[in-house]
A.B. asks: 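If you scroll down you'll find the structure; I have some questions about it.
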Amino acid sequence: MSQQHLQQLRQLMAYEASRNAPPADFPRLPPLPSARYTDAAFHALEQDILFRKTWLLAAHLDEIPEPGCFQRWDIAGAPVVLVHADNGDIHALINRCSHRGAPVAMDERGKRKRLTCPYHGWSYSHEGELLAVRESRDFAALDTEALSLQRLRCERLGKLIFVNFDPQAVNLRESLGALVEEWAEFDLDNCRLSRRDRFSVRCNWKIAMEANLEVYHVPSIHGKTVSPVLDARRNVNSFYPGGHSRMVAPIPKGHAQPAWTSRWPDIPTAGDIARTCTQSYSVFPNLVMPLNQFVIPPIQFWPDGIDQCIVETWTMAPDWGPDTDRGPDMWTEDDGARPSRVLREDIDMSEAIQAALDPQSNRGIPLSYQEARIYHWHQSADTVVGAANVPEGLRVQPVLEDAWLHPNEPRLR
């Protein structure tokens, strides 16, 4: 992070602490239609468009570290297999044989010289090319080139592997924009994967995710966990093109680092904000990326029906050496048996909100200035889906204009 950016953030923290109202020119946020969490048509739009036109975090290179390694990835709603090719590239292939549709990879993960369908023995290269057809004499004029496995867009940022179902999408780095440069200090090329877990939660996926898009709730339900390490009154929200956003709040002076951090090496290139603040990015559509000098612990939120979701937690960290079998674990207790206390606090509240939802209600959800990252997400979702495709009563008015998107910063005036 540049000195100019660092100075700007410090100025904004001081501004947030001193203000008695939202910035004078900050747009009034219209109430958010509550049916966006309950409407079957809107849920279908999310499944059919939102998750098919955006970059989704799929894996870490440590999970498929060598040529020939593969791993299934089905959570995004389509059968996908990720394969490490001989030349080092990672490919995302639809896990469906071109003959009769059987999965070419039945195991969750493994290592093979080629992908062979267990049904009729058709085999494919790591790039998805059809290599051999058993009893090919029985097929007349078979066009093998046209029968390759469908390949999806697959790109990496450090060791993080992203997939996009849209062949026309901009590349990953262009999609992330300024986030690529801002994350450079966290050495994503060398951080190892320590844990990856999934938990089923009884609420709409956006309800669970939005607990990570605002700090307004922190003093209420995280009074003994997050609140002591986060000065919510000095929190700075930033909005980025493409639906991404960021929060940065200073750690109160005199607060000691948790005892567990002394066990692990830190990221030596991590900067001042990482060491003195709590910061977290929202990467559109479903990834939350907290960043500090000890661990990189992404959280993802996947729809599993209208009123249920899967929360996927990751912990990545600098190499913890050969003397320790396991690295740090940011999000679970008892070796993945249950979510951490902080996560349980959010999950319990999210499930309570879902249980109290009235699907017949026409009352909108009022959002504060501190909850504007939520509005920015919904406004961006309508842009990706296409406002004309969204039922009229569920549309979000595009009131957050480009003047409020990074690198613009009207508050400094």
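Small disclaimer: the values here were computed from a predicted structure and weren't measured. The figures here come from the full heavy-atom set of this structure, side chains too, leaving out hydrogens, waters and symmetry mates.
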A.B. asks: Can you sort out the partners of R112 under side-chain hydrogen bond (donor to acceptor under 3.5 Å, both in side chains), two or more places apart, ordered by chain and number?
C.D. replies: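 In terms of side-chain hydrogen bond (donor to acceptor under 3.5 Å, both in side chains), with neighbours along the sequence ignored, R112 is linked to no residue.
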A.B. asks: Scan for ring pair (Phe, Tyr, Trp, His ring centres under 6.0 Å) pairs involving residues 199-223, sequence neighbours excluded, and state none if there are none.
C.D. replies: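 For residues 199-223, and leaving out neighbouring residues, the ring pair (Phe, Tyr, Trp, His ring centres under 6.0 Å) pairs sorted by first residue read F51-W205, W205-W377, H217-H222.
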A.B. asks: Going by heavy atoms in the side chains, are L287 and S282 under 4.5 Å from each other?
C.D. replies: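 They are not in side-chain contact.
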A.B. asks: Quick test of your reading: applying side chain to side chain donor-acceptor pair (under 3.5 Å), list the pairs with at least one residue in residues 389-405, sequence neighbours left out, ordered by first then second residue.
C.D. replies: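 Those involving residues 389-405 do not exist here.
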A.B. asks: Could you work out, with side-chain hydrogen bond (donor to acceptor under 3.5 Å, both in side chains) as the rule, every residue matching S125, not counting sequence neighbours?
C.D. replies: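 Once residues adjacent in sequence are excluded, the partners of S125 under the side-chain hydrogen bond (donor to acceptor under 3.5 Å, both in side chains) criterion are E127.
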A.B. asks: Does the side chain of H378 pick up a donor-acceptor pair with the side chain of R36 at under 3.5 Å?
C.D. replies: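 Yes.
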A.B. asks: Under 3.5 Å, side chain of W331 to main-chain N/O of P297, donor-acceptor pair present?
C.D. replies: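 Yes, W331 side chain to P297 backbone: donor-acceptor pair under 3.5 Å.
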A.B. asks: Please step through side chain to side chain contact (heavy atoms under 4.5 Å, CB included) for the pair S148 and S98, ending with a clear verdict.
C.D. replies: CA-CA 7 Å; S148 298; S98 302; 6.0 Å; no
A.B. asks: Are R52 and D48 close enough, and set up right, to give a salt bridge (Lys or Arg N to Asp or Glu O under 4.0 Å), and what steps lead you there?
C.D. replies: CA-CA 6 Å; R52 290 294 175 268; D48 298 340; over 6 Å; no
A.B. asks: For P250, does its backbone N or O pair with a side-chain atom of D231 as donor and acceptor, under 3.5 Å?
C.D. replies: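 It does not hold such a pair.
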A.B. asks: Are there over 12 heavy-atom neighbours, none belonging to Y119, within less than 6.0 Å of that residue's OH?
C.D. replies: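 Counting neighbours around OH of Y119, 12 or fewer heavy atoms of other residues, nucleotides or ligands fall under 6.0 Å, so no.
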A.B. asks: Which heavy-atom pair separates Y124 from L147 by the least distance, and what is that distance?
C.D. replies: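 Smallest heavy-atom distance, with atoms named: CE2-O, 3.5 Å.
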A.B. asks: Main chain of F42, side chain of D39: is a donor-acceptor contact present, judged purely on distance under 3.5 Å?
C.D. replies: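 Checked: pair present.
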A.B. asks: Can you list every pair that meets salt bridge (Lys or Arg N to Asp or Glu O under 4.0 Å) and has a residue in residues 285-297, with sequence neighbours left out?
C.D. replies: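 Residue pairs with at least one partner in residues 285-297: there are none.
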A.B. asks: Less than 4.0 angstrom from a charged side-chain N to a carboxylate O is my criterion; do D272 and R10 meet it?
C.D. replies: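 Yes, charged N to carboxylate O under 4.0 Å.
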A.B. asks: Counting only heavy atoms not in E181 (residues, nucleotides, ligands), do more than 12 fall under 6.0 Å from its CD?
C.D. replies: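 Not more than 12 within 6.0 Å, no.
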A.B. asks: Is it the case that T225 and R341 place a side-chain donor and acceptor less than 3.5 Å from each other?
C.D. replies: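 Looking only at side-chain atoms, R341 and T225 do not form any donor-acceptor pair under 3.5 Å.
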A.B. asks: Can a side-chain donor-acceptor contact be found between N164 and D166 if the only test is distance below 3.5 angstrom?
C.D. replies: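 Short answer, no.
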A.B. asks: Can you run down the side chain to side chain donor-acceptor pair (under 3.5 Å) pairs that involve residues 240-250, sequence neighbours left out, and say none if there aren't any?
C.D. replies: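 The answer is H5-R246, E182-Y240, E182-R246, S238-R246, Y240-R246, S245-R373.
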A.B. asks: Restricting to pairs with a member in residues 206-222, which pass salt bridge (Lys or Arg N to Asp or Glu O under 4.0 Å), not counting sequence neighbours?
C.D. replies: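 Pairs touching residues 206-222 that pass the test: E46-K206.
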A.B. asks: Quick one: ring pair (Phe, Tyr, Trp, His ring centres under 6.0 Å) partners of F165, sequence neighbours excluded?
C.D. replies: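 Ring pair (Phe, Tyr, Trp, His ring centres under 6.0 Å) check on F165 returns nothing, list empty.
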A.B. asks: Hey, are the side chains of V399 and R28 touching, using non-hydrogen atoms and a 4.5 Å cut-off?
C.D. replies: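 No, their side chains stay 4.5 Å or more apart.
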A.B. asks: Has R192 got its NZ or CZ under 6.0 Å from the middle of the six-membered ring of W320, at an angle within 45 degrees of the ring axis?
C.D. replies: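 Positive - R192 is close enough to the ring of W320 and near enough to its axis.
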A.B. asks: So, the side chain of D329 versus the backbone of T332: is there a donor-acceptor pair under 3.5 Å, distance only?
C.D. replies: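 Yes, D329 side chain to T332 backbone: donor-acceptor pair under 3.5 Å.
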A.B. asks: Let me check something: any side-chain donor-acceptor pairs from residues 361-372 under 3.5 Å, sequence neighbours excluded? List them with distances.
C.D. replies:
from	atom 1	to	atom 2	distance (Å)
S361	OG	R363	N	3.1
S368	OG	Q370	N	3.3
S368	OG	E371	N	3.3
S368	OG	E371	OE1	2.9
Y369	OH	E16	OE2	2.6
Y369	OH	R411	NH1	3.1
Q370	OE1	N235	ND2	3.1
Q370	OE1	N237	ND2	3.2
E371	OE1	S368	N	2.8

A.B. asks: Once ring pair (Phe, Tyr, Trp, His ring centres under 6.0 Å) is applied, do any residues pair with W314, and if so which ones, sequence neighbours excluded?
C.D. replies: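 So W314 forms no ring pair (Phe, Tyr, Trp, His ring centres under 6.0 Å) with any residue.
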A.B. asks: Would you indicate whether the side-chain heavy atoms of Q300 and L57 approach each other to under 4.5 Å?
C.D. replies: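 Contact flag for L57/Q300 side chains = yes.
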A.B. asks: Contact between D382 and P398 at the side-chain level, heavy atoms closer than 4.5 Å - yes or no?
C.D. replies: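 D382 vs P398: side chains apart.
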A.B. asks: Mind checking what makes side-chain hydrogen bond (donor to acceptor under 3.5 Å, both in side chains) contact with R134, not counting sequence neighbours?
C.D. replies: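 If we apply the side-chain hydrogen bond (donor to acceptor under 3.5 Å, both in side chains) test to R134, skipping adjacent residues, there are no hits.
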A.B. asks: Considering only residues two or more places apart or on different chains, which pairs with a residue in residues 70-85 satisfy side chain to side chain donor-acceptor pair (under 3.5 Å)?
C.D. replies: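 Sorted result for residues 70-85: Q71-R109, R72-D74.
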A.B. asks: Does any part of the side chain of Q279, heavy atoms only, come nearer than 4.5 Å to the side chain of V236, both counted from C-beta?
C.D. replies: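 The answer is no, as the side chains (C-beta and beyond) never meet within the 4.5 Å cut-off.
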